[in-house]
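Read the structure below first, then the notes.
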Amino acid sequence: MGEKETIGSFVFESREAYDRAVQEAEVIQQLRKKADISNPKTALKVYNKSVADKLFETVIGYNFLYELRKYIIDSGLASDHTLAEIPIKEVAKQQPDTMPARPAHEGRFQRLYEGQRLLNRKMKIALTALVILLIGFVVINFKLEYSIFTYFTDYKSAMEEELIDKYEKWENELINREKALGKEENGDGQAAVSGGAAEPTE
């Protein structure tokens, strides 16, 4: 800070504190003009109102309240024990300037990281849903007669059994037909033999 910001005997370390003190000095000047502070009763009213409303928060205002308090006590209108104390506002601690500044690209990396985390979460949800569907699919297929796992083996076995049954049926039919043909041939031969034996003699 190049030039010192001073009011009376007080030096302010920041422009913000100085500006606030200037405002309070102007308020005090207006009070001195409009109110007869030389009257102890008026001074007491101004003091009590300023303390109740916490009107001042810089050393300029506190100094003014202290002067009023001393004047009221010296006048005998009130004692030190009956007057309200001067409330001091707690000054917020400023962050030290030595704290390392966050890199400009840190925000971008943070957004990328959050985006990746969200994507990973969605992938996990999708993978979980896929696993549940796959388990359900497996359970359902094991309960069915022809499933995706047993379809080709069971179907092939069924087809082979069906073909074997057909072949056996055809074989039985063929055997029965051969037997029937054999009976017919035997019947014709016997008829021919018996016909030749019955020829008339001369």
Within a strict 4.5 Å, meaning less than it, do heavy atoms of the Glu57 and Tyr62 side chains meet?
yes
Check Glu24 with Arg20, please: is the shortest side-chain N to carboxylate O separation under 4.0 Å?
yes
Say you draw a straight line from CD of Glu16 to CD of Glu5; how long is it, rounded to the nearest 0.5 Å?
12.5 Å
Please enumerate all residues that pass side-chain hydrogen bond (donor to acceptor under 3.5 Å, both in side chains) together with Thr128, with sequence neighbours excluded.
none
Please check if any side-chain donor atom of Glu168 sits under 3.5 Å from a side-chain acceptor atom of Asn172, or the reverse.
no
Would you say the side chain of Phe12 lies within less than 4.5 Å of the side chain of Ile60, judging by non-hydrogen atoms?
yes
For Glu26, the salt bridge (Lys or Arg N to Asp or Glu O under 4.0 Å) test, sequence neighbours excluded, returns none
Determine which pairs satisfy ring-ring contact (aromatic ring centres under 6.0 Å, His included) with at least one residue from residues 20-59, sequence neighbours left out, and list them in order.
Phe56-Phe64
To the nearest 0.5 Å, what is the distance between CG on Leu174 and CG on Leu181?
9.5 Å
Can you list every pair that meets salt bridge (charged side-chain N to carboxylate O under 4.0 Å, His left out) and has a residue in residues 39-52, with sequence neighbours left out?
Lys49-Asp53
Test of understanding: with salt bridge (Lys or Arg N to Asp or Glu O under 4.0 Å), list the residues that count as partners of Asp165, not counting sequence neighbours.
none
Salt bridge (charged side-chain N to carboxylate O under 4.0 Å, His left out) pairs touching residues 64-84, sequence neighbours excluded, are Arg32-Glu67, Arg69-Asp80, Lys70-Asp74
Does the side chain of Leu44 come within less than 4.5 Å of Leu83's, by heavy atoms?
yes
Start with the C-alpha gap between Leu118 and Lys122, add the side-chain angles, then the distance that decides, and say whether side-chain contact (heavy atoms from CB on, under 4.5 Å) holds.
CA-CA 6 Å; Leu118 182 62; Lys122 289 182 178 179; 4.1 Å; yes
